[in-house]
Amino acid sequence: MIEDVRKYWNENLHDIAITSFLPGSAEFFKELGSYRYKKLNYLVDLLDFESYRGKYLLEIGCGVGIDLVRFARAGAKVVGVDISEKAIGLAQKYFSLENLQVDLHVMNGEALEFTNNTFDVVYVHGVLPYTTHPEKMISEVYRVLKPGGEAILMVYNKFSWLNLLTKLTNVPLEHVDAPVYRKYSTSEFKKLLKPFKQYQIIFERFPSKTQLHNNWKGKVYNDFFVRAFNFIPRVMIKPFGWHLVSFAVKEK
Ligand SMILES: C[S@@+](CC[C@H](N)C(=O)[O-])C[C@H]1O[C@@H](n2cnc3c(N)ncnc32)[C@H](O)[C@@H]1O
């Protein structure tokens with residue numbers, strides 16, 4: 001099954017459809033980065049890359065390395081793993097272009113080849129929903145974290161505005177065709193976080209303009225839906241964010 005996951009992500013690199021630049025070129029990474037932080041506009045504030053300066057940080061499912069480069073630029077010592085050879089090959093190119101140090105591996109995040117208590121931070125964004133045994137990945141995250149270390153984990157919210165919208169508009173979500181695709185309620189996410197005694201869960205990712213859908217549905221979404229949605233007071237819509245982001249700490 002994990003081989004199906006690898007095959008899918010080798011053939012369907014995340015966000016690749018938004019760029020026509022040559023994969024591996026400087027323009028390719030630039031466009032993927034600017035698309036990402038426009039779409040996930042909450043991410044830069046929430047992560048505060050600068051605050052990880054000097055930390056030893058592992059990203060599981062790093063893809064082509066868009067966030068990992070930001071952590072490295074900010075002064076973290078970074079390691080990235082992904083099940084997809086293609087993603088790791090491109091991440092390697094990105095770090096070379098940026099002249100940044102990194103340690104990258106094609107590796108299954110459910111069976112990490114690192115010793116216990118190694119990292120200050122483990123970052124796993126949008127990977128648990130696609131892996132065969134998410135509970136194995138979580139126990140690996142816990143194992144390789146140093147006592148007092150921090151895990152940053154993102155999964156998709158089952159009860160989100162985006163679920164409702166895709167049902168109403170009949171526009172499928174990205175990667176629903178992946179061999180594994182899971183969404184979580186808050187209580188299911190809490191169950192997954194079982195090894196951690198201390199964590200918080202933040203609801204994020206509200207509508208922002210899409211570049212992915214250029215048809216009339218995309219235009220209505222961009223011109224009316226996004227604007228109208230952003231008029232609603234955040235406190236009312238908070239529980240319906242598409243991303244459930246947890247900051248969890250391993251006990252000392
Ligand atoms: C939706 S992409 C997310 C990429 C990146 N983290 C991001 O936020 O843009 C999912 C990534 O998880 C990787 N992945 C899925 N299962 C994995 C596993 N068991 N071990 C390592 N990487 C995995 C895929 O290859 C893919 O690059």
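All ligand and atom numbering here is 1-based and tracks the order in the structure.
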No-hydrogen, no-angle side-chain donor-acceptor test under 3.5 Å, Glu110 and Thr131
yes
Would you mind reporting whether Ile60 and Val141 have side-chain heavy atoms less than 4.5 Å apart?
yes
Would you mind listing which atoms of ligand 1 come within a distance below 4.0 Å of any non-hydrogen atom of Arg36?
7 (C), 8 (O), 9 (O)
Could you establish whether Ile2 and ligand 1 come within less than 4.0 Å of each other, counting only heavy atoms on the residue side?
yes
Any heavy atom of Met137 closer to ligand 1 than 4.0 angstrom?
yes
Whether Val81 lies under 4.0 Å from ligand 1, heavy atom
no
Tyr8 versus Tyr181, side-chain donor and acceptor atoms under 3.5 Å:
no
When you measure from atom 27 (O) of ligand 1 to each heavy atom in Val106, Asn10, Asp82, which option holds the nearest one?
Asp82
Decide whether a cation-pi geometry holds between Lys158 and Tyr184; the criteria are a distance under 6.0 Å from NZ or CZ to the six-membered ring centre and an angle within 45° of the ring axis.
no
Thr131 heavy atoms, cut-off 4.0 Å: which ligand 1 atoms fall inside?
16 (N), 18 (C), 19 (N)
Would you check whether His125 has a nitrogen or oxygen atom less than 3.5 angstrom from a nitrogen or oxygen atom of ligand 1?
yes
Centroid-to-centroid, Phe203 to Trp242, below 6.0 Å?
no
Residue and atom name of the nearest protein heavy atom (relative to atom 12 (O) of ligand 1), distance in Å to one decimal
Val127 CG1, 3.5 Å
Give a yes or no on this: more than 12 heavy atoms of other residues, nucleotides or ligands lie within 6.0 Å of atom NZ of Lys93.
no
For Met107, counting its heavy atoms only, list the atoms of ligand 1 lying under 4.0 Å from any of them.
20 (N), 21 (C)
Give the atom numbers and elements of ligand 1 that come within less than 4.0 Å of a heavy atom of Val5.
15 (C), 16 (N)
Would you say His175 and Asp177 are linked by a side-chain donor-acceptor pair, where the criterion is simply a distance under 3.5 Å?
no
For Glu150 and Tyr52, which I'm curious about, is there any donor-acceptor pair between the side chains at under 3.5 Å?
yes
Could you list which atoms of ligand 1 come closer than 4.0 Å to a heavy atom of Gly61?
4 (C), 5 (C), 6 (N), 12 (O), 13 (C), 22 (N)
Heavy-atom pairs closer than 4.0 Å: do any link ligand 1 to the side chain of Asn108, the backbone, both, or neither?
both
Output yes when the distance from some N or O of ligand 1 to some N or O of Gly109 is under 3.5 Å, and no in every other case.
yes
Is Arg6 in contact with ligand 1, taking contact as a heavy-atom separation below 4.0 Å?
no
Quick one: look at His14 and ligand 1, take heavy-atom pairs under 4.0 Å, and tell me if it's side chain, backbone, both or neither.
side chain
Which of the atoms of ligand 1 are close to Tyr130, meaning less than 4.0 Å from one of its heavy atoms?
1 (C)
Aromatic ring proximity Tyr199/Phe247, centre distance under 6.0 Å:
no
Hey, does Gly126 sit under 4.0 Å from ligand 1 if you only count heavy atoms?
yes
Does this structure show an ion pair linking Glu140 with Arg143, if we count only N-O contacts that are shorter than 4.0 Å?
yes
Strictly distance-based, threshold 3.5 Å: is any side-chain N or O of Asp120 a donor or acceptor partner for the main-chain N or O of Lys55?
no
Establish, for the pair Lys250 and Tyr142, whether the NZ or CZ atom is under 6.0 angstrom from the six-membered ring centre and no further than 45 degrees off its axis.
yes
Heavy atom of the protein closest to atom 22 (N) of ligand 1 (residue, atom name, distance):
Ile83 N, 3.1 Å
Logged contact type for Glu59 with ligand 1, heavy-atom cut-off 4.0 Å, is side chain
